[in-house]
Asker: 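Below is a structure I'd like to ask you about.
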Amino acid sequence: MCGIAGVYCPTQPVSGQPIKEMVSKLIHRGPDTQKFEIVNKNLQLGHTRLSIIDTSRASHQPLVDSSGNCLVYNGEIFNYKTLASKMGIPEIGDSRVLLKGLSLHGMDFLKELEGMFAFAYWNNKTKQLFLARDRFGIKPLFIGRQGELIYFASEIKAILPLLQNPTVDRRSINDYLSLGYIVSPATPFEEVKELNAGSYSDLSAKDFKCNSYSVVEQGKANNFDSVLQKSAESHMVSDVPVSLLLSGGLDSTCLAVATRNLDLNYHFLDMTDEIYSEKAKVQKVAELLDLDVQMTPSEDPTLKDLFHIVYHLDDLISDPAILSNYQLYRSLRGSKVVLGGDGADELFLGYSTYFASQLTRWKCFPVLKWPLMLLSKALMYLPAISRYPLGMRLQRLLTNIERPFFLKHLLFRSPMTRSYLSESYNRESHFEQLNSDDIFSSKDSFLLKLSKLDFKVYLQSNLLKKIDRLSMMFSIEARVPFVSENMQQFAFSLRDTEKASCGEGKLPLREYLKKRLGSKFLYKQRKVGFGFNLEPFLETEEVSAFAKRPCEIFYSIICQAKFLKLADKSLKSYNEQYAYFNLLVLKIWLNIHVKGCDE
């Protein structure tokens with residue numbers, strides 16, 4: 001895992017060495033070595049390295065071969081040894097195998113790659129500069145333009161200082177206020193876009209278009225056991241120790257079973273709030289599998305922590321779990337590679353949102369909207385017995401009942417802050433322009449459509465971004481074995497009834513654990529999620545003081561009276577807590593990235 005950066009101008013020489021400043025912003029992604037290359041008068045490439053596969057100097061980047069081809073690359077190619085054998089070359093590390101494959105086969109080589117990656121490749125013979133990302137967008141790559149100059153990097157913060165007065169994209173802000181994240185390829189800035197997942201682009205071409213190389217296959221796959229085993233083992237490729245993040249949930253427990261005979265370290269962050277703690281489950285898993293698990297208690301986060309998080313996220317993401325993830329990765333200092341269970345919910349119908357979306361298809365449901373809305377408001381103030389109280393679920397579900405089903409599904413997780421918008425604010429958004437034909441087929445079942453939607457939008461635009469930025473804050477590579485081509489093919493080939501039954505999802509995972517661990521394991525356990533109790537944090541004096549500080553651009557977006565009324569409330573419902581947190585993150589983001597925000 002690394003950070004990459006580049007400056008390119010096809011029409012004139014690049015003056016100075018802007019690549020040095022870009023690389024300096026990415027050192028946390030690659031603390032082991034930092035290097036840049038003046039490839040030619042039009043192109044500068046930079047790299048910060050976190051050494052994991054082939055830790056020798058021979059794999060330091062930028063890599064330049066005997067033909068003058070040059071590569072900067074972030075990620076891991078898990079099948080690099082197989083590819084090296086096919087090409088008849090030594091197993092010389094994944095970065096050098098990638099450079100060799102690109103020099104021999106060009107961008108057709110992308111179809112052979114299994115892994116997570118983002119790279120820039122200069123073909124010295126054809127004088128072409130290519131950018132590419134993995135099939136699922138696990139690794140980031142952003143592109144910014146200023147006149148004829150093109151900047152690209154693993155994080156937006158490496159590009160921003162080189163742009164003159166970047167413009168906040170208000171449609172992206174509306175995405176954030178509607179969904180709690182921004183839908184790729186948009187970013188918070190009009191001048192910066194994200195390269196599409198599963199695509200490549202030729203920056204030297206006039207049209208500068210994205211070319212997709214990834215096609216979702218739904219051919220009949222093998223059984224879950226073999227698919228999981230193959231994916232878990234492939235993600236173990238490393239020349240440094242690997243750790244597994246346990247949560248007590250089905251996903252990480254499946255990975256623990258699949259890798260029980262491999263050499264891993266195990267980590268667990270215990271959320272001290274009873275509703276969110278899964279310590280008892282993790283202890284049970286550790287007992288059943290005879291694992292030595294390092295357990296770290298969570299701490300009370302501070303406003304300074306949240307500022308630190310928002311700075312490193314670059315993108316706007318409001319999920320309170322960012323505070324939990326921040327503490328988790330901070331507790332792993334010294335580790336370099338960790339495995340997590342993200343992606344299983346999207347593939348195997350693990351969220352309650354799938355079954356809630358099914359309810360809205362009932363013809364009688366719209367008729368019951370207002371009685372149920374009144375009931376939801378009453379339920380919001382009852383003591384919580386789960387992370388997402390029934391009142392909050394009902395209210396979020398009912399608010400968008402008239403929307404098209406796929407937008408309604410995305411909005412079900414909404415922090416519900418659109419009602420706090422200023423009257424003069426432009427309400428255009430990116431997510432409302434989504435083309436469902438690009439995501440799923442009309443022949444897909446209703447649940448498969450939702451699964452594909454979440455895998456394409458929610459996972460890629462929210463969860464994978466959160467995982468990448470928060471792990472790389474502490475120079476840690478996070479791998480996601482469930483987000484693999486074989487796993488996707490298997491999941492999308494199953495019938496709905498093979499993935500879920502009677503409102504209970506992830507049946508292949510449940511059956512796998514039942515078979516491997518027997519009745520001792522909680523086969524029927526419900527999803528808790530990596531949650532965080534917001535109320536104590538939101539009630540601190542430092543948060544209250546910051547909320548009331550003036551911010552002109554913030555109040556050009558958000559209605560000041562409504563926000564201050566929310567901030568002054570001592571007892572907030574769950575929806576109000578989530579909305580307040582969402583708005584605080586926006587205000588912090590503006591404070592960091594927009595000059596003259598606070599007076």
Side-chain angles (χ1 to χ4, degrees), residues 3-10 14 18-19 21-26 28-29 43-46 48 72 74 118-120 129-133 137-177 179 181-197 199-203 207-210 310-318 426 428-431 433 457 460-462 464-466 468-469 472 553 557 585-586 588-595 597:
I4 66 173
V7 185
Y8 179 61
C9 186
V14 175
I19 193 64
E21 183 177 0
M22 298 182 76
V23 167
S24 72
K25 299 290 185 181
L26 300 173
H28 55 282
R29 297 189 71 93
L43 175 63
Q44 300 178 11
L45 296 176
T48 63
V72 286
N74 165 32
F119 66 77
L129 176 63
F130 295 98
L131 302 185
R133 287 182 78 199
I138 303 172
K139 292 298 102 193
L141 188 54
F142 298 94
I143 305 170
R145 304 197 73 164
Q146 190 81 63
E148 294 295 312
L149 280 170
I150 301 171
Y151 304 99
F152 53 89
S154 298
E155 296 184 9
I156 298 173
K157 64 176 62 64
I159 298 173
L160 281 184
L162 301 172
L163 300 178
Q164 297 177 2
N165 301 318
T167 310
V168 173
D169 186 342
R170 297 211 163 203
R171 289 180 299 171
S172 292
I173 299 299
N174 205 25
D175 269 14
Y176 171 74
L177 293 171
L179 302 174
Y181 57 91
I182 297 169
V183 175
S184 297
T187 77
F189 299 98
E190 291 185 2
E191 295 85 357
V192 182
K193 304 299 178 189
E194 190 168 24
L195 185 66
N196 289 335
S199 71
Y200 69 90
S201 183
D202 179 2
L203 296 194
D207 57 6
F208 195 60
K209 68 177 182 179
C210 281
V310 173
Y311 168 75
H312 277 275
L313 284 174
D314 281 341
D315 267 290
L316 281 161
I317 297 175
S318 72
N426 186 336
E428 289 183 6
S429 62
H430 294 291
F431 81 92
Q433 308 306 314
V457 180
Q460 293 182 18
S461 296
N462 183 356
L464 292 179
K465 289 181 179 181
K466 179 173 61 181
D468 175 80
R469 304 315 181 274
M472 292 310 297
I553 190 171
I557 299 170
V585 169
L586 174 60
I588 290 171
W589 185 88
L590 291 168
N591 188 77
I592 292 171
H593 291 292
V594 180
K595 294 179 180 178
C597 173

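Values in this document were obtained by computation on a predicted structure and should not be read as measured data.
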Asker: Starting at NZ of K157, measure out to OG of S24 and round the result to the nearest 0.5 Å.
Answerer: 11.5 Å

Asker: Between D175 (side chain only) and F431 (backbone N and O only), is there a donor and an acceptor less than 3.5 Å apart?
Answerer: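 Answer holds: yes.
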
Asker: Say whether, by atom type as modelled, one donor and one acceptor occur between the side chain of S429 and the main chain of N174 under 3.5 angstrom.
Answerer: no

Asker: For the side chain of E191 and the backbone of T167, is there at least one donor-acceptor N/O pair under 3.5 Å apart?
Answerer: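 A pair under 3.5 Å: yes.
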
Asker: To the nearest 0.5 Å, tell me how far D315 CG sits from D468 CG.
Answerer: 10.5 Å

Asker: Is a donor on one side and an acceptor on the other found under 3.5 Å between the side chain of D314 and the backbone of I156?
Answerer: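 Here the side-chain-to-backbone pair exists.
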
Asker: Between A120 and L45, which heavy-atom pair has the shortest distance, and what is it?
Answerer: CB-CD2, 4.3 Å

Asker: Verify, without hydrogens or angle tests, whether T187 (side chain) and F189 (backbone) share a donor-acceptor contact under 3.5 angstrom.
Answerer: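 Confirmed, T187 side chain pairs with F189 backbone.
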
Asker: Contact between Y311 and N591 at the side-chain level, heavy atoms closer than 4.5 Å - yes or no?
Answerer: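 Side chain of Y311 against side chain of N591, heavy atoms only: no contact under 4.5 Å found.
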
Asker: Measure the OH-CG distance between Y176 and L586 for me, rounded to the nearest 0.5 Å.
Answerer: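 With rounding to 0.5 Å, OH (Y176) is 6.0 Å from CG (L586).
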
Asker: Determine yes or no for a side-chain-to-main-chain donor-acceptor pair under 3.5 angstrom, with R145 supplying the side chain and Y151 the backbone.
Answerer: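 Pair absent, no side-chain N/O of R145 close to backbone of Y151.
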
Asker: Determine whether V585 and L313 satisfy the following criterion, side chain to side chain contact (heavy atoms under 4.5 Å, CB included), listing intermediate values before the conclusion.
Answerer: CA-CA 11 Å; V585 169; L313 284 174; 6.0 Å; no

Asker: Can you tell me how far the OH atom of Y8 sits from the CG atom of L131, to the nearest 0.5 Å?
Answerer: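 With rounding to 0.5 Å, OH (Y8) is 10.5 Å from CG (L131).
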
Asker: Would you tell me whether H430 and D169 have side-chain atoms, one donor and one acceptor, within less than 3.5 Å of each other?
Answerer: yes

Asker: Salt bridge between R29 and E155, side-chain N to carboxylate O under 4.0 Å?
Answerer: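 Yes.
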
Asker: How close do M22 and A153 get, heavy atom to heavy atom, and via which atoms?
Answerer: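 Shortest heavy-atom contact: CE-CB, 4.1 Å.
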
Asker: Measure the spacing between NZ of K466 and OG of S318 and express it to the nearest 0.5 Å.
Answerer: 9.5 Å

Asker: Side chain to side chain contact (heavy atoms under 4.5 Å, CB included) between R170 and E190: does it pass, once the steps are laid out?
Answerer: CA-CA 9 Å; R170 297 211 163 203; E190 291 185 2; 6.0 Å; no

Asker: Roughly how far, to the nearest 0.5 Å, is the CE atom of M472 from the CZ atom of R469?
Answerer: 10.5 Å

Asker: Hey, does the side chain of R171 reach the backbone of E428 with a donor-acceptor pair shorter than 3.5 angstrom?
Answerer: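 Judged by distance alone, no pair lies under 3.5 Å.
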
Asker: Under a 4.5 Å cut-off applied to non-hydrogen side-chain atoms, are F119 and R133 in contact?
Answerer: no

Asker: Relative to Y181, does K465 satisfy both conditions: NZ or CZ under 6.0 angstrom from the six-membered ring centre, and within 45 degrees of the ring's axis?
Answerer: no

Asker: Quick one: are E21 and P161 in side-chain contact, heavy atoms under 4.5 Å?
Answerer: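 E21 reaches P161 side chain to side chain.
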
Asker: Could you tell me if the side chain of L163 sits less than 4.5 Å from the side chain of V192, heavy atoms only?
Answerer: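 Answer yes - side chains close enough.
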
Asker: Side chains of Q460 and S184: do they bring a donor and an acceptor to under 3.5 Å?
Answerer: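 There is no such pair between these side chains.
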
Asker: Please confirm whether the backbone N or O of I182 pairs with a side-chain atom of S172, one donor and one acceptor, at under 3.5 Å?
Answerer: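 No, because the side chain of S172 does not come within donor-acceptor range (under 3.5 Å) of the backbone of I182.
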
Asker: Do Q164 and Q146 touch side chain to side chain, with heavy atoms closer than 4.5 Å?
Answerer: yes

Asker: Please examine the side chains of L141 and N74, heavy atoms only from C-beta on, and report whether any two atoms are closer than 4.5 Å.
Answerer: no

Asker: Quick one: are L195 and S201 in side-chain contact, heavy atoms under 4.5 Å?
Answerer: yes

Asker: Closer than 3.5 angstrom, by distance alone: can the side chain of T48 be matched with the main-chain N or O of L26 as a donor-acceptor pair?
Answerer: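 Side chain of T48 to backbone of L26, a donor-acceptor pair under 3.5 Å: yes, one is there.
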
Asker: If we only count heavy atoms from C-beta on, is the V7 to L43 side-chain gap below 4.5 Å?
Answerer: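 Not touching, per the 4.5 Å side-chain cut-off.
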
